[in-house]
Structures are given as structure tokens and as C-alpha cells.
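Since we're looking at a predicted model, the values are computed, not measured. In what follows, chains are A, B, ... by sequence order, proteins preceding strands, each numbered from 1.
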There are 2 protein chains.
Amino acid sequence: MRSHCYAGPVPRKVDIDAQRADLAGAVLRLAARSGLEAVSLREVAAEAGVSMGRVQHYFRTKEEMLLHGVRLAMRRIDARIGERLQCLPDEASPEQILRAAIDELLGDHPETNQVIRASVAYYARAQVNAEVFEVLFGDDDELRGLAALVVRTAQADGRADTGLDPAQEGYIIWSLADSLGVKVAFGQTTSERARATMHYHLDRVLGCGAHPGV
Amino acid sequence: MRSHCYAGPVPRKVDIDAQRADLAGAVLRLAARSGLEAVSLREVAAEAGVSMGRVQHYFRTKEEMLLHGVRLAMRRIDARIGERLQCLPDEASPEQILRAAIDELLGDHPETNQVIRASVAYYARAQVNAEVFEVLFGDDDELRGLAALVVRTAQADGRADTGLDPAQEGYIIWSLADSLGVKVAFGQTTSERARATMHYHLDRVLGCGAHPGV
DNA sequence: TCGTTGGCAATGCGATCGCATCGTAAAAGC
DNA sequence: GCTTTTACGATGCGATCGCATTGCCAACGA
């Protein structure tokens with residue numbers, strides 16, 4: 001059914017990566033819905049609508065299955081942010097990129113929420129499994145770097161206060177986006193509230209609107 | 001052994017609350033170490049060094065045991081913050097209270113870390129169990145209120161920019177403290193780094209140090 | 001055409017799960 | 001002193017766990 005037509009370089013067998021991604025998607029749904037406790041081989045098979053033997057065929061151990069799950073989660077948010085960035089005009093400024101990425105995190109879209117909740121469910125594993133830790137937290141540096149760059153640019157443009165520490169401000173911006181994203185995903189606050197707070201902060205730090213430069 | 005001497009108003013039986021708190025402590029240790037997946041009746045009994053029958057005697061169901069666990073977690077942080085506040089001089093300012101509370105959250109003390117990690121482990125349950133949700137997130141409003149009060153006070157004192165929105169700034173302060181506390185507890189950053197960022201932010205918003213008022 | 005391989009489904013294993021039940025020893029009340 | 005209640009420890013139940021094994025079937029190479 002799924003491989004009745006194909007154009008890949010390996011036509012003789014099914015698309016292994018696609019199968020694994022399908023199962024990893026089921027892992028994410030379960031993890032987001034009720035935590036990693038609910039993720040068993042049988043539950044994943046049932047969620048994906050396949051047999052348990054299939055799950056075992058594509059993942060040698062449960063640990064490997066969970067690792068593919070968290071990797072898919074990160075690919076999903078990257079993809080969603082990437083899609084949003086393609087809606088921006090070419091050569092968009094770093095600030096536009098930053099605001100677009102944060103808007104996606106706080107957007108309260110079901111898939112974004114699912115990925116965030118699933119990620120949080122993996123936090124405990126990150127303490128035990130170094131690979132999970134790396135997948136979950138490894139990309140933080142570049143995000144902070146982007147935010148710091150935006151602050152520096154705003155300073156160079158004379159919009160932001162030159163007394164600001166770009167590194168600290170970048171760290172604050174992403175920590176804030178992180179915290180608000182989790183709050184939205186877990187229903188502690190609304191998307192509108194979170195976005196309003198985030199925009200308020202960015203506007204103040206980056207000096208948008210009626211704000212006299214130094 | 002445990003009730004050879006007592007002074008309570010009910011001398012005829014053991015201290016039920018103390019027993020439950022002892023078991024709930026074992027729940028927290030397990031949850032903080034490897035998530036709620038690792039919390040089973042048998043594991044809790046083993047962690048507490050008692051029989052499984054004892055655990056069942058004090059908690060009718062696993063759900064009830066978990067609920068006592070998260071309640072103990074919240075009482076623990078409240079107690080730790082309370083202890084820290086007692087080290088402050090009498091009639092300490094709201095700002096001193098705020099800074100002390102945040103310092104405790106970012107202090108990287110083992111017990112604080114344990115409580116934070118355990119709390120995060122409960123996030124998934126909060127979506128299913130309304131009681132857990134309330135225990136975990138119910139106190140957010142008053143914390144935000146304290147932070148907002150501090151901002152308003154700083155504005156009244158002429159230290160903080162009167163253009164600031166106290167409610168938004170209070171929300172930002174606590175979201176930031178929340179995020180940084182989790183990062184410290186899960187080893188994403190160091191206590192020193194988090195505290196430096198938090199103090200940097202508070203000093204800027206509240207206008208401490210060499211900062212000209214409006 | 002035939003043997004080999006990949007892609008599964010099915011089944012079974014020992015361990016562990018939450019929970020219920022039973023037994024018992026000590027204390028409390030009459 | 002005798003009954004009742006409290007505070008457990010011990011054991012067992014059916015379900016589920018991760019994982020290993022087995023078997024079948026379609027697709028491919030020779």
C-alpha cells in the first residue's frame with residue numbers, strides 16, 4: 001500500500017526512515033498526551049495502528065525508539081520554524097527571524113504544543129541518557145547567539161540602549177521564550193498573553209516604537 | 001521504634017502525616033532521579049526502606065501517593081524559601097524578599113534541584129489530573145503579584161522607568177526565574193550563570209546601580 | 001525455478017505492575 | 001480480660017512490561 005510506487009535510489013525495499021518516523025510520531029503523541037510512562041512498545045504499536053512486531057523490527061530496543069522520538073520532536077519544530085521563515089521576504093533581518101521563531105513557539109498550534117510537551121516529558125531521561133540530553137539541549141547556543149546578534153544590531157542601529165549586554169539579553173530572551181512556550185503548551189497561559197509579554201519585552205529591549213535612543 | 005515518645009494530641013497511634021511525608025519523600029527522590037516512570041509502589045517502598053504493604057496502608061491508590069508527592073514538593077520549596085526569608089532583617093522590603101526567593105530557586109542546592117526536577121516530572125500528569133495541575137501551578141499568581149509590586153515600588157521610588165508595565169515586568173521576572181531554575185536543576189547551566197543573568201535583569205528593570213532615573 | 005533475504009505477525013518468557021486479600025501483633029476501649 | 005481497631009507484612013492475582021524466538025510470505029539474485 002505504501003510502497004506501490006517509488007522513485008528513490010533503493011526501490012527494492014520499503015522506506016525505512018519513513019517507517020521509523022511514522023512510529024516515532026506515535027511515540028510523540030503518547031509522550032505529549034500522558035508522559036513517557038505511557039510509552040510502551042505495545043502502546044506505540046496500537047497508536048500507530050500496526051503490530052508490535054513491526055515496532056520491534058524498526059527499533060532494536062525501547063531506548064532506541066525513545067531516542068528516535070526526541071530526535072523527531074526537534075526536527076518537527078525546526079521544520080515548523082523553517083516553514084514560517086519561508087513566509088518572510090528574502091534577506092529578512094535577524095530580528096524578523098527571531099520574532100518569527102518565537103511566534104511559532106508561542107503560537108499554541110497543536111503540533112507545536114505536542115512537540116513541546118513531549119520534549120518536557122524527556123527531561124528526566126536527559127539526566128540519564130547523554131544522547132537525549134544532547135538532542136534536547138544541544139541547539140541552545142545558536143539560538144542564544146541569534147538573539148544576541150539581534151541585540152547588537154539594534155544597538156548599532158541606535159535603537160537599543162548601548163548599555164545592554166547582548167549576551168545576557170540574548171540569554172534572557174530565549175529563556176523567556178522557552179518558559180512561555182512551555183506555559184502555553186501546558187495550558188498555564190494563553191498564546192495571546194504569552195505573545196503580548198514577549199513582544200512587550202522585545203520592543204522594550206530592542207527599542208521599537210516611540211522610544212528615544214540614547 | 002519510631003513512636004517510643006510523642007507529644008502530640010493523639011498519642012494512641014503513629015504520626016500518620018509524618019509517615020506519609022516520609023514515603024512522599026521517597027516518591028520525590030525517585031521522580032527527580034528518573035521521572036515518574038520509575039515511581040512504582042515497590043520502588044517507593046524500597047527507596048523508603050519499608051515494605052510494600054506499608055505504602056499501600058498509607059496511600060489507597062498510586063494516584064493518591066503521587067498527589068502527596070507533588071504536594072510535598074511544593075511544601076519543600078516554600079519551606080526553603082521561608083527559611084531564607086528568616087535570615088533577612090525584620091520588615092524586609094518586597095524587593096529583598098523577591099531576590100531571596102529567586103536566589104533560592106537558582107541556588108543549585110540538591111534539595112531544591114530535586115524538588116524542581118520532580119515538579120517537571122509531574123507536568124504531564126497535570127494535564128490529566130486537575131488536582132496536580134492546581135498544586136503545581138496554583139501559586140503562580142501571587143508570585144507574579146509580588147514581582148509586580150516590586151516593580152511598582154521601584155517606580156514610586158524613582159528608580160525604575162515609569163514607562164514600565166509592572167504586570168508585564170512581573171510576569172517576565174517570574175517566567176525568567178522559572179526557566180533558569182529548571183535549567184540549573186537539569187544541568188543546562190550553572191547556578192552562577194543563572195544568578196548573574198537574573199541579577200543583571202533585576203538591576204536593569206529595577207534601576208539599581210549607576211542608572212539615571214527618568 | 002529455486003534458495004536466500006528482508007519485512008513483518010504471532011507467540012512466549014520471565015519480570016514487574018497496581019491492587020486485593022489475609023494474617024498477625026500490639027494498642028485502645030469496654 | 002476480652003473485643004475491637006490500628007498498623008502493618010506477606011502473598012497472590014491478572015494485566016502488562018521489554019525482549020527473544022519462530023514462522024510465514026513476498027521479492028529478489030542466481
Side-chain angles (χ1 to χ4, degrees), chain A residues 1-24 26-27 30-31 33-69 121 125 128-129 132, chain B residues 1-24 26-27 30-31 33-69 121 125 128-129 132:
Chain A
M1 178 185 294
R2 104 183 33 80
S3 61
H4 67 287
C5 67
Y6 39 71
V10 186
R12 63 190 183 88
K13 46 184 172 179
V14 298
D15 187 339
I16 293 181
D17 290 334
Q19 291 274 31
R20 273 205 257 254
D22 187 44
L23 296 174
V27 170
L30 290 171
R33 195 183 308 151
S34 29
L36 281 193
E37 327 164 46
V39 181
S40 69
L41 299 185
R42 286 161 231 265
E43 280 294 316
V44 170
E47 174 70 28
V50 304
S51 75
M52 187 179 145
R54 185 121 122 213
V55 178
Q56 280 191 277
H57 179 71
Y58 285 103
F59 304 115
R60 288 180 312 174
T61 67
K62 182 184 180 181
E63 197 70 23
E64 187 180 315
M65 181 182 75
L66 292 178
L67 187 57
H68 272 79
R125 287 258 158 175
V128 176
N129 188 319
V132 172
Chain B
M1 179 186 292
R2 101 185 36 81
S3 61
H4 68 284
C5 70
Y6 41 70
V10 185
R12 63 192 180 89
K13 46 182 172 180
V14 298
D15 188 339
I16 294 181
D17 290 335
Q19 291 273 31
R20 272 204 258 256
D22 186 46
L23 296 175
V27 170
L30 289 171
R33 196 182 309 149
S34 28
L36 282 193
E37 326 164 46
V39 181
S40 69
L41 299 184
R42 286 161 233 267
E43 280 295 316
V44 169
E47 173 71 27
V50 303
S51 75
M52 186 178 146
R54 185 120 119 207
V55 178
Q56 281 191 275
H57 178 71
Y58 285 103
F59 304 115
R60 287 180 311 175
T61 67
K62 182 185 180 183
E63 197 70 23
E64 187 180 315
M65 181 183 76
L66 292 178
L67 187 57
H68 272 80
R125 286 256 159 180
V128 175
N129 189 320
V132 172

Exercise. Which heavy-atom pair separates B:Leu30 from B:Ala38 by the least distance, and what is that distance?
Worked result: CD1-O, 4.2 Å
Exercise. Which residues in residues 61-68 of chain A have at least one heavy atom lying under 4.0 Å from any atom of DNA chain C?
Worked result: none
Problem set entry | Side-chain N,O (B:Gln56) to OP1/OP2 (D:dA7) below 4.0 Å | no
Seminar exercise, completed: In whole angstroms, the gap separating C1' of D:dT11 from CE of B:Met52 amounts to 10 Å
Problem set entry | Beyond-backbone contact of A:Val44 with A:Val50, side-chain heavy atoms, under 4.5 angstrom | no
For this session: Would you mind reporting whether A:Glu63 and A:Arg125 have side-chain heavy atoms less than 4.5 Å apart?
Result: yes
Problem set entry | Contact check, side chains of A:Leu41 and A:Met65, non-hydrogen atoms, under 4.5 Å | yes
Exercise. If you look at every strand shown and take non-hydrogen atoms under 4.0 Å, does A:Arg60 touch a base, only sugar-phosphate, or nothing?
Worked result: nothing
Exercise. Counting any heavy atom closer than 4.0 Å, what does A:Val39 reach on the DNA or RNA strands: base, sugar-phosphate only, or nothing?
Worked result: sugar-phosphate
Problem set entry | Side-chain heavy-atom pair B:Leu66, B:Val132 within 4.5 angstrom cut-off | no
For this session: Starting at atom CZ of A:Phe59, determine the distance to atom P of C:dC8, rounded to an integer number of angstrom.
Result: 12 Å
Exercise. To the nearest Å, how far apart are B:Glu43 CD and C:dG18 C1'?
Worked result: 14 Å
Exercise. Salt bridge check: are A:Arg33 and A:Glu47 linked by an N-O gap of less than 4.0 Å?
Worked result: yes
Exercise. In whole angstroms, how far is the P atom of C:dC17 from the CG atom of B:Leu41?
Worked result: 8 Å
Exercise. Taking A:Tyr58 as the fixed residue, which of A:Gln19, A:His68, A:Glu64 is the one that meets the side chain to side chain contact (heavy atoms under 4.5 Å, CB included) rule?
Worked result: A:Gln19
For this session: Would you kindly give the CG-to-P distance between A:Asp15 and C:dC8, to the nearest whole Å?
Result: 11 Å
Exercise. B:Arg42 side chain: which of C:dC8, D:dG12, D:dC19 is closest?
Worked result: D:dG12
Problem set entry | Separation of atom CD in A:Glu37 from atom P in D:dG18, rounded to whole Å | 13 Å
Exercise. Which nucleotide in the set C:dG18, C:dC8, D:dC17 lies at the smallest distance from any side-chain heavy atom of A:Ser40?
Worked result: D:dC17
Problem set entry | Length of the line joining B:His57:NE2 and C:dG23:P, which is rounded to integer Å | 18 Å
Seminar exercise, completed: Atom CZ of B:Arg20 and atom P of D:dC8 are separated, to the nearest Å, by 12 Å
